[in-house]
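These notes are about the structure you will find just below.
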Amino acid sequence: MKIKVAIAGARGRMGTTAIEAIEEAIDAEVVAALDYKYGGLHLHNSSVNDGKHGIPIYTSLADLVAEHQPAVLLDVTDPDAVFKNVKEALELGIHPVVGTSGLTKQELDEISMMVESTGIGGIIAPNFSIGAVLMMKFAAQAARYLGDVEILEMHHDRKLDAPSGTAVKTAEMIKENRPPHIQGHPEEQIHLEGARGGDVEGMKIHSIRLPGLLAHQQVLLGGEGELLTIRHDSLSRKSFMPGIMMAIRKVVGRNDLIYGLEHIID
Ligand SMILES: NC(=O)C1=CN([C@@H]2O[C@H](COP(=O)(O)OP(=O)(O)OC[C@H]3O[C@@H](n4cnc5c(N)ncnc54)[C@H](OP(=O)(O)O)[C@@H]3O)[C@@H](O)[C@H]2O)C=CC1
Ligand SMILES: O=C(O)C1=N[C@H](C(=O)O)C[C@H](O)C1
């Protein structure tokens with residue numbers, strides 16, 4: 001039996017690529033799209049039609065679930081939409097797989113509590129690319145030895161949130177391996193607001209947004225007389241698809257919350 005997947009954000013860049021990847025898989029299928037508009041219409045080749053071609057669109061997850069019984073809701077929407085979708089999915093007994101970035105710490109905590117109380121497992125992956133997950137793991141490992149770190153994340157200029165979910169997760173992983181401390185000159189003077197980027201326990205995060213970029217990150221780790229740079233580039237949204245398929249396949253057997261693909265990579 002194929003795993004039935006509903007997608008929120010199906011009209012978007014990630015949603016479009018994910019539909020192709022899921023439809024190519026022999027063990028999964030897209031049964032419906034959750035949207036905030038176009039209810040009752042259909043989505044085919046990333047355009048909406050009223051002729052019943054493609055995937056049916058729903059504006060209510062309860063109605064979608066009643067008609068199609070998906071096992072998984074893949075959310076690739078935006079920071080304002082994701083939390084409500086995940087909460088509703090858990091209430092309805094659907095496993096959420098979340099790629100959307102921008103969830104706050106408080107929202108993550110609430111989702112974690114809901115997973116515990118419902119026993120419906122979920123996966124939140126700040127980055128689905130295997131290479132990006134390795135970059136984060138290697139950076140966290142290296143920070144044990146080179147504890148002064150700056151993260152430079154670079155994305156396309158259609159991205160809504162900053163810093164990226166990947167940069168936030170990288171900083172969280174690095175935090176586990178180094179004590180908080182001031183970096184740079186202790187009497188540093190900032191003459192232009194934001195010049196030193198965001199601060200996580202002394203670690204700096206810098207966000208670049210430009211047309212021409214897709215998703216890239218460099219972690220720079222400095223030591224006396226040396227610099228280690230760990231860099232990852234996603235050059236196509238296809239880079240996220242193996243991770244999405246892995247999450248869809250693994251989430252159906254889980255009753256806990258996984259935050260980060262590094263916990264399920266074999
Ligand atoms: N974890 C990972 O590996 C990756 C995560 N991402 C994240 O995925 C998210 C989507 O990225 P991307 O595809 O580039 O963005 P897009 O803007 O291309 O797609 C988002 C889509 O979601 C739609 N949408 C907004 N609100 C809702 C809602 N309430 N219900 C259903 N659909 C909604 C938008 O509609 P409309 O156009 O009408 O606003 C849009 O079509 C971002 O948060 C991004 O950071 C991206 C790449 C990889
Ligand atoms: O918006 C994007 O494109 C991406 N968002 C995710 C993030 O915020 O880290 C993952 C990847 O970097 C692409």
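For ligands, and for the atoms within them, numbers begin at 1 and follow the listed sequence.
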Proximal atoms of ligand 1 relative to [X] (non-hydrogen, under 4.0 Å):
{"X": "Arg11", "result": "35 (O), 36 (P), 37 (O), 38 (O), 41 (O)"}
{"X": "Lys159", "result": "45 (O)"}
{"X": "Pro126", "result": "1 (N), 2 (C)"}
{"X": "Gly9", "result": "21 (C), 22 (O), 31 (C), 32 (N)"}

Identity and distance of the protein heavy atom lying nearest atom 18 (O) of ligand 1: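 Answer for atom 18 (O) of ligand 1: Arg13 N, 2.9 Å.
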Just need the protein heavy atom nearest to atom 44 (C) of ligand 1, so name the residue and atom and give the distance. Ser101 OG, 3.8 Å
Check whether His95 reaches the backbone of Gly121 with its side chain - one donor and one acceptor, N or O, closer than 3.5 Å. yes
Counting only N and O atoms by type, is there a donor-acceptor contact under 3.5 Å from the side chain of Glu153 to the main-chain atoms of Ser164?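 It does hold such a pair.
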Under 3.5 Å, is there a donor-acceptor pair linking the side chains of Ser129 and His232? yes
Please determine whether the number of non-hydrogen atoms from other residues, nucleotides or ligands lying under 6.0 Å from atom NZ of Lys159 exceeds 12.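 Yes, enclosed.
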Count the heavy atoms of every other residue, nucleotide or ligand shown that sit under 6.0 Å from NZ of Lys137, and state whether that count exceeds 12.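 Check fails, neighbour count at 12 or below.
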Charged N-O contact under 4.0 Å between Glu188 and Arg196: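 Judged by the 4.0 Å cut-off on N to carboxylate O distance, Glu188 and Arg196 do form a salt bridge.
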Salt bridge Glu20-Arg237, side-chain N to carboxylate O under 4.0 Å: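 Salt bridge between Glu20 and Arg237, a charged N being under 4.0 Å from a carboxylate O: no.
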Applying a heavy-atom distance cut-off of 4.0 Å, which protein residues contact ligand 2? Ser101, Pro126, Asn127, His155, His156, Lys159, Ser164, Gly165, Thr166, Ala215, Phe240
